[in-house]
2 protein chains.
Amino acid sequence: MSASDRGRPRRKRPGLTRERIAEAALELIDSEGLDALSMRAVGQACGVRAMSLYRHVTNKDDLLDAVQAAMVAEMNFAALSGPWLAQLEGAAREFRRVLARHPEAIPLFTRPAATQRAFAAVEQVWQVLVDAGFSQLDALRAFQSLLAFVVGQALWQFTPEGARPVDDEFEFGLGCMLTGLELRLAQADAPPT
Amino acid sequence: MSASDRGRPRRKRPGLTRERIAEAALELIDSEGLDALSMRAVGQACGVRAMSLYRHVTNKDDLLDAVQAAMVAEMNFAALSGPWLAQLEGAAREFRRVLARHPEAIPLFTRPAATQRAFAAVEQVWQVLVDAGFSQLDALRAFQSLLAFVVGQALWQFTPEGARPVDDEFEFGLGCMLTGLELRLAQADAPPT
DNA sequence: CGACATAAGCTTACGGTGTAAGTATATGTC
DNA sequence: GACATATACTTACACCGTAAGCTTATGTCG
C-alpha cells in the first residue's frame with residue numbers, strides 16, 4: 001500500500017441494510033405467511049419503495065437466502081457440550097426450536113442455502129461428528145440425514161397453523177436416528193468381531 | 001326419490017380431466033421446472049385456455065395436489081413382501097425412485113397433501129409397521145419420521161439439476177433410521193429384562 | 001467554500017401471474 | 001326439434017418481480 005490508502009470502503013448513510021431488510025421480511029413471513037411476502041410489502045415494512053431494496057439484495061431469492069441466514073443466526077450451537085450424542089441431540093432440538101418459532105418460514109430451508117452463516121453452522125455440527133469418530137464422509141452423511149429429518153419433520157408438523165400438541169413424533173424419529181448413528185459408529189470402530 | 005330419478009350423474013364429453021391436466025402439468029414441471037408452471041402454460045399444454053382448467057381444478061394449489069397424487073400413483077407399494085424391515089426399505093426406495101424421476105416436483109411433497117390416493121399409500125405402509133408389532137401411534141410416528149427423511153433428503157440431493165453421483169447419503173441415513181426402528185421395536189417387545 | 005463523485009432511494013414501465021365474472025357452444029335427453 | 005347443462009372461451013383486474021433511468025443527500029478534496 002502506498003501513502004494514499006485512505007480510500008478504503010466507508011459506509012455513508014446505510015439506513016437500509018441487508019440484515020434489517022431480512023429481519024423485516026422474516027417478521028412479515030411470520031405474521032402474513034410466506035406467500036404474502038412480496039418485495040413491495042417488504043419495502044413498505046421498511047418505509048421504502050420496493051425497488052430501493054435492490055440496492056442491498058440482488059433479487060427476491062437472495063432476500064430469501066438472507067432471511068434464512070437470519071434464522072440461522074437465531075440458533076445457538078455454541079452452548080453444546082457433553083458426549084457427542086447429547087450434542088447432536090441438542091443441535092437438532094435447537095434447530096427445531098427456531099423452526100417452530102417461524103413455522104411459515106420453514107420452506108426456506110428447502111433450498112441449498114449457500115449462506116456463509118449457514119455453512120459455518122453446518123461445519124460446527126459436522127465437527128462434533130468427526131470428533132466422535134466418524135469419517136469425514138460419514139460425518140457429512142450423518143449430518144445431512146439428521147438435517148433432512150429435522151426439516152422434513154417440521155415441514156409437516158407446523159404446516160396448518162399451530163403445531164400439534166406435542167412433539168412426540170419428532171422425539172421418536174430423532175431417537176431412532178441417533179440410535180442408528182450410535183450403532184453405526186460402534187460397528188465401524190470394531191469391525192472384526 | 002320419486003319416479004324421476006333418471007337425472008343421475010352422467011359424463012358427457014370430458015375432453016379435459018383432472019388426471020390429464022395433472023399429467024400435463026407434471027410433464028411441464030419435469031421439462032421446465034416448478035417455477036415455470038403457470039395455469040396458462042398448463043392450459044396451452046392441454047390445447048386449452050387457462051381458465052378452462054378451472055372446471056376440473058378449483059385453483060392452482062388444487063392442481064399441485066393433483067400432480068402430487070399423480071406422482072403417488074407412479075409408486076408401486078403392492079409388490080412389497082418379506083420381513084417388515086425389508087418392506088419398509090423397499091417402500092422408502094420406491095418413494096425415492098419416483099422423486100428421483102421428477103426432481104423438480106419434489107417440493108410438492110412439502111405440503112400436507114390431503115389427496116385420497118396419498119392417504120391410501122400412507123395407510124398401506126403404516127399397516128406394515130403395525131403388523132410388525134408397533135403400536136398404532138408408534139407406527140404413525142415411525143412412518144412420518146421415515147417420510148420426513150426421504151423427502152428432506154431428496155430435496156437437497158436433487159436440487160441442482162442432476163442427482164449427485166450415487167445415493168450413499170440416502171442409504172446411510174435410511175440404514176440408521178431402520179436400525180433405530182428395529183431396536184425400538186425390540187425394546188418395546190421385551191421391556192422387562 | 002464550492003465542485004464533484006457516489007450511493008440511496010424514487011419513478012415509471014413491462015410482461016407475467018392467478019383468478020373472478022360473464023358468455024358462447026356442443027352434447028345428451030325428452 | 002327444444003331444452004338443460006357441462007365445457008370451454010373471453011375479458012378484466014389487481015398484483016407480482018424487476019429492468020432502466022432519475023433525483024437527491026452525503027462525504028471528499030481541490
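Per chain, numbering begins at 1; letters A, B, ... match sequence-line order. The structure displayed is predicted, hence computed values, not measured ones. These numbers come from the heavy atoms of this one structure, side chains and all, not from hydrogens, waters or symmetry mates.
Non-hydrogen atoms lying under 4.0 Å from DNA chain C are contributed by A:Val48, A:Arg49, A:Met51, A:Ser52, A:Arg55, all within residues 45-55 of chain A. For DNA chain C, the neighbouring residues in residues 24-44 of chain A, judged by any heavy atom under 4.0 Å, are A:Arg40.
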Side chains of residues 64-78 of chain B: which donor-acceptor pairs under 3.5 Å do they make with residues two or more places apart or in other chains?
from	atom 1	to	atom 2	distance (Å)
B:Asp65	OD1	B:Arg111	NH1	3.2
B:Gln68	OE1	B:Thr115	OG1	3.3
B:Glu74	OE1	B:Arg101	NH1	2.9
B:Glu74	OE1	B:His102	NE2	3.0
B:Glu74	OE2	B:His102	NE2	3.0
B:Asn76	OD1	B:Ala78	N	3.0

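Contact check on B:Arg20 versus B:Glu23 returns no salt bridge, with no Lys/Arg side-chain nitrogen under 4.0 Å from an Asp/Glu carboxylate oxygen. Taking a cutoff of 4.0 Å between a charged side-chain nitrogen and a carboxylate oxygen, A:Asp138 and A:Arg184 do not qualify as a salt bridge.
A:Leu88 and B:Leu183 sit in two unconnected hydrophobic clusters of ILVMFWY residues. Membership requires side-chain heavy atoms under 4.5 Å apart, directly or through other members.
In terms of heavy atoms, B:Asn59 sits closest to B:Tyr54 at CA-CE2, 3.8 Å.
Looking at B:Leu178, B:Leu185, B:Val130 one by one, the single match for side-chain contact (heavy atoms from CB on, under 4.5 Å) with B:Trp84 turns out to be B:Leu185.
Residues satisfying the salt bridge (Lys or Arg N to Asp or Glu O under 4.0 Å) criterion with B:Glu182, sequence neighbours excluded, are absent altogether. Under the salt bridge (Lys or Arg N to Asp or Glu O under 4.0 Å) criterion, A:Glu32 pairs with no residue at all, not counting sequence neighbours.
Distance, B:Leu16 CG to C:dA26 P: 16 Å, rounded to whole Å. Rounded to whole Å, the distance from CG on A:Asn59 to P on D:dC16 is 17 Å.
One axis for each end of the helix from C:dC1-D:dG30 to C:dC30-D:dG1, each built from five base pairs, and the angle between them comes to 10° at 10° resolution.
Note: A:Phe149 and A:Phe170 have parallel aromatic rings, judged against thresholds of 30 and 60 degrees for the angle between ring planes.
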**Message:** Walk me through whether A:Arg97 and A:Glu94 qualify under side chain to side chain contact (heavy atoms under 4.5 Å, CB included).
**Reply:** CA-CA 5 Å; A:Arg97 190 184 58 85; A:Glu94 174 69 8; 2.6 Å; yes

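Using a 4.0 Å cut-off, no side-chain N or O of A:His56 falls inside it from OP1 or OP2 of C:dA7.
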